[in-house]
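The next block holds one structure in the form of structure tokens; read it before the comments.
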Amino acid sequence: MDILADLNPSQREAVQAIEGPLLILAGPGSGKTRVITHRIAYLIREVQVSPYHIVAVTFTNKAAREMRERLERLLGGRTQGLTVGTFHATCARFLRRDIEHLGRDRSFVIYDADDQEALIKQVLKDLQLNDKQYRPGALLGRISRAKSEMVGPAEFVKHTESYWEEVCSRVYERYQKLLLDRNALDFDDLLLTPVQLYQQHPDVLARTQDRIVHLLVDEFQDTNLVQYELVKLWGDQLRNIFVVGDEDQGIYSWRNADIANIQRRFRQDYPERREIILTRNYRSTRTILDAAQSVIARNPDRTDKQLVTEKVAGPAITLYEAYDESEESDYVALEIARLYREGALNWGDMAVMYRTNAQSRAIEDALVRRGIPYKLVGGTRFYQRREVKDVLAYLRLAHNPADAGALERVINVPRRGIGQRTQDELVRWARRLDVSTYEALKKLRAAPGEDVPISGRAARPLLDFARLVDELVEAAGRLTVPELLDLVLERTAYSEYIRDGTEEGEGRWENVQELRTVTAEYVTRSPDEGLSAFLEEVALVSDVDSLEEQPQAVTLLTLHTAKGLEFPAVFIVGMEEGLLPHSRSIEAPAQLAEERRLCYVGMTRAKDHLYLLHAFRRTLYGNSRVNDASRFLKDVPTQLIAGRQVRGERPLSRPASSESRGAWRAPATTPVRATPAWQEPAAPAPATPRGITFKAGDKVRHSKFGEGTVINSEVTRDDEQVTVAFVGAGVKKLLVSYAPLEKIPA
DNA sequence: TCAACTGCTCTTTTT
DNA sequence: GAGCAGTTGA
């Protein structure tokens with residue numbers, strides 16, 4: 001099989017250029033994953049590079065897994081020794097190895113968001129700060145940014161720009177000290193620690209560099225400064241650095257990704273680099289591509305890539321203005337049903353995308369009502385679920401009873417009568433003795449009553465808990481992970497605790513069962529690895545592969561999670577000012593540019609059908625607001641748009657143009673020029689005399705009340721009032737300008 | 001210690 | 001509108 005066979009010239013060039021730094025600017029749908037995997041295969045098969053000398057970095061575990069699978073297929077068994085993983089997983093691996101090499105015995109635990117928050121609250125308590133005024137999330141965000149920029153506490157304190165930052169620097173310092181005390185690294189430390197290690201031990205860096213002959217990085221636009229530094233250090237010896245990305249798809253600045261890495265830094269630091277632009281798009285129709293291009297083109301400071309495609313122009317983009325979110329959802333559901341019936345599309349070929357998760361609810365309602373199967377991407381991930389984390393915390397304790405984060409989490413879960421007061425007392429006492437909380441527990445047992453601030457009654461459950469931990473620690477030495485998990489469940493009576501008779505309780509129990517399945521699979525997959533490796537793997541993974549995922553279902557997801565995916569039909573809902581772009585991003589130009597990229601990412605997910613929707617009125621967070629159409633819609637050339645539908649109930653404050661008013665046009669499949677109502681008409685719209693749009697006998701549909709028949713219609717002062725007999729909801733009187741009412745053509 | 005209540009906040013999400 | 005964290009009262 002020829003690795004280069006199906007590649008276009010640019011892709012081929014990217015695969016074959018084997019030496020020196022390479023910057024690949026890859027547009028959406030340009031087959032960049034393919035380029036990376038084929039390049040790795042090419043290096044191994046044609047250039048005879050040992051897999052051991054290749055390190056490929058991705059951003060998600062999913063991407064890493066997909067890359068490994070593709071390589072397995074491409075190379076058969078010749079992937080032994082190849083490193084393909086996320087930055088974090090790669091760093092964790094290197095760190096363990098390097099620490100061992102240095103002869104240091106310092107195992108570490110990885111702190112996730114929950115552990116971090118608990119720790120920062122501890123810090124606030126210690127420093128006697130009010131967690132209302134100094135919100136843990138905000139502090140953690142600032143600390144994370146500092147770490148991403150490789151600014152330590154000592155450096156941070158020198159550059160504080162406000163009182164808040166000053167407080168933050170104190171929090172940072174103490175937080176970092178506590179992490180060290182607990183032998184814990186948070187996710188940012190996982191990246192930062194290797195960099196610091198290399199600075200202190202050049203020999204360790206040299207060893208690492210010897211190993212890395214080829215370094216490949218995917219989604220380079222998502223790297224932060226530490227990651228950039230790692231790339232530089234890792235690949236510095238031979239400078240065979242291959243980075244692939246698209247500045248137009250950089251949508252993660254809020255988690256400290258710095259798009260300047262791909263835009264500027266790489267070019268500055270590697271003047272000898274080669275640049276290849278992949279402009280051929282294999283995904284979208286000409287129409288969709290043109291529309292997306294005209295949206296992204298308005299961003300400043302970007303390298304324009306004229307995307308080309310061989311696909312046909314395809315159907316025009318459908319723009320739809322709904323009255324409110326429920327009508328918007330109804331339209332989407334109806335259209336999905338229609339595409340399913342007439343468009344030869346299966347449920348799985350369609351996706352609905354939105355800016356915020358809160359928007360999914362209305363869509364779900366509409367889909368449920370019509371019996372359309374759907375799956376929601378996102379929400380609470382498996383390893384973030386309370387019950388899963390609880391059980392994992394017990395496993396962590398069994399592995400390392402000094403794991404303070406785990407101990408705090410489950411000391412009273414399930415309830416065993418150890419209240420907050422007792423816990424505080426225990427922690428304080430442990431601090432005074434300068435031992436871990438677990439050590440303190442053991443002391444309590446050895447010398448009850450003696451100089452101990454905890455009374456006999458409160459001490460009993462503590463002693464029971466200590467005994468439990470001891471038993472688990474002992475068992476961890478001889479049991480497999482699933483056996484240990486069973487022991488945890490049995491000893492804590494977790495099933496009784498979690499299954500409270502409700503449906504949610506059963507669901508939680510199922511998750512625990514699922515976790516047991518994960519451990520069982522782990523044991524079969526890696527029989528030589530123990531509890532420690534399992535816990536690390538789990539800490540670096542956010543989700544579990546669902547086995548019985550229903551294959552044919554409409555996908556509901558945020559624009560962020562849509563990156564990297566594609567669907568024949570895409571609906572983007574809520575294209576309104578304040579939502580997309582989001583109100584929090586409208587002020588700052590840089591953030592606004594990112595919103596635009598987000599819109600671009602969403603649009604370019606579509607292969608054939610693209611629907612852009614906005615609602616005139618939207619209820620969000622409990623209050624209803626009138627929103628203008630998104631400014632991004634204005635950038636889509638009107639000749640690419642069809643199927644506008646503007647109905648009579650537009651409010652009086654925003655009179656509809658005569659052309660669109662009352663005109664009910666079915667979505668067309670050929671481009672149609674129309675003056676969208678969200679664009680001001682060239683000439684002021686003539687005052688349209690209001691007439692009667694409904695008459696007795698008309699069949700109508702209302703987004704809430706369903707279908708009905710008009711009984712009567714009369715003109716009021718400046719509106720029209722219709723009386724409708726609804727099939728399910730009875731007789732209602734409605735004002736045409738406000739009611740989400742549409743006429744069903746006979 | 002726990003259940004009921006109150007008030008606050010509500011962008012995006014991976015590791 | 002709803003979910004969550006923190007507070008209050010028993």
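Every chain is numbered from 1 and lettered A, B, ... according to where its sequence line falls, protein lines coming before strand lines.
- Within the nucleic acid shown, Lys563(A) has no heavy atom closer than 4.0 Å to any nucleic acid atom.
- Here dT11(B) is in the syn range [glycosidic angle within 90° of 0].
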statement: Protein heavy-atom contacts under 4.0 Å, written 5' to 3' over nucleotides 5-15 of chain B as B (base), S (sugar-phosphate only) or - (none), form the string -----BBBBBB
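- Spacing between atom NZ of Lys125(A) and atom P of dA5(C) amounts to 15 Å, rounded to whole angstrom units.
- Residue contacts for Ile418(A): at a heavy-atom cut-off of 4.0 Å it reaches the sugar-phosphate backbone alone, with no base atom in range.
- Geometrically, Arg597(A) does not engage Tyr600(A) in a cation-pi contact defined by less than 6.0 Å to the ring centre and at most 45° from the axis.
- Not less than 6.0 angstrom separates the ring centroid of Tyr172(A) from the ring centroid of Tyr175(A).
- Using a 4.0 Å heavy-atom distance criterion, Asn256(A) is classed as making no nucleic acid contact.
- Ring geometry, His88(A) versus Phe187(A): the interplanar angle exceeds 60°, so the pair is classed perpendicular (tilted spans 30 to 60°).
- Thr86(A) and Val57(A) get closest at one heavy-atom pair: C-CG1, 3.9 Å.
- Phe108(A) does not carry Arg182(A) over the face of its six-membered ring by the limits of under 6.0 Å from the centre and within 45° of the normal.
- A heavy-atom distance below 4.5 Å is not found between the side chains of Arg508(A) and Val388(A).
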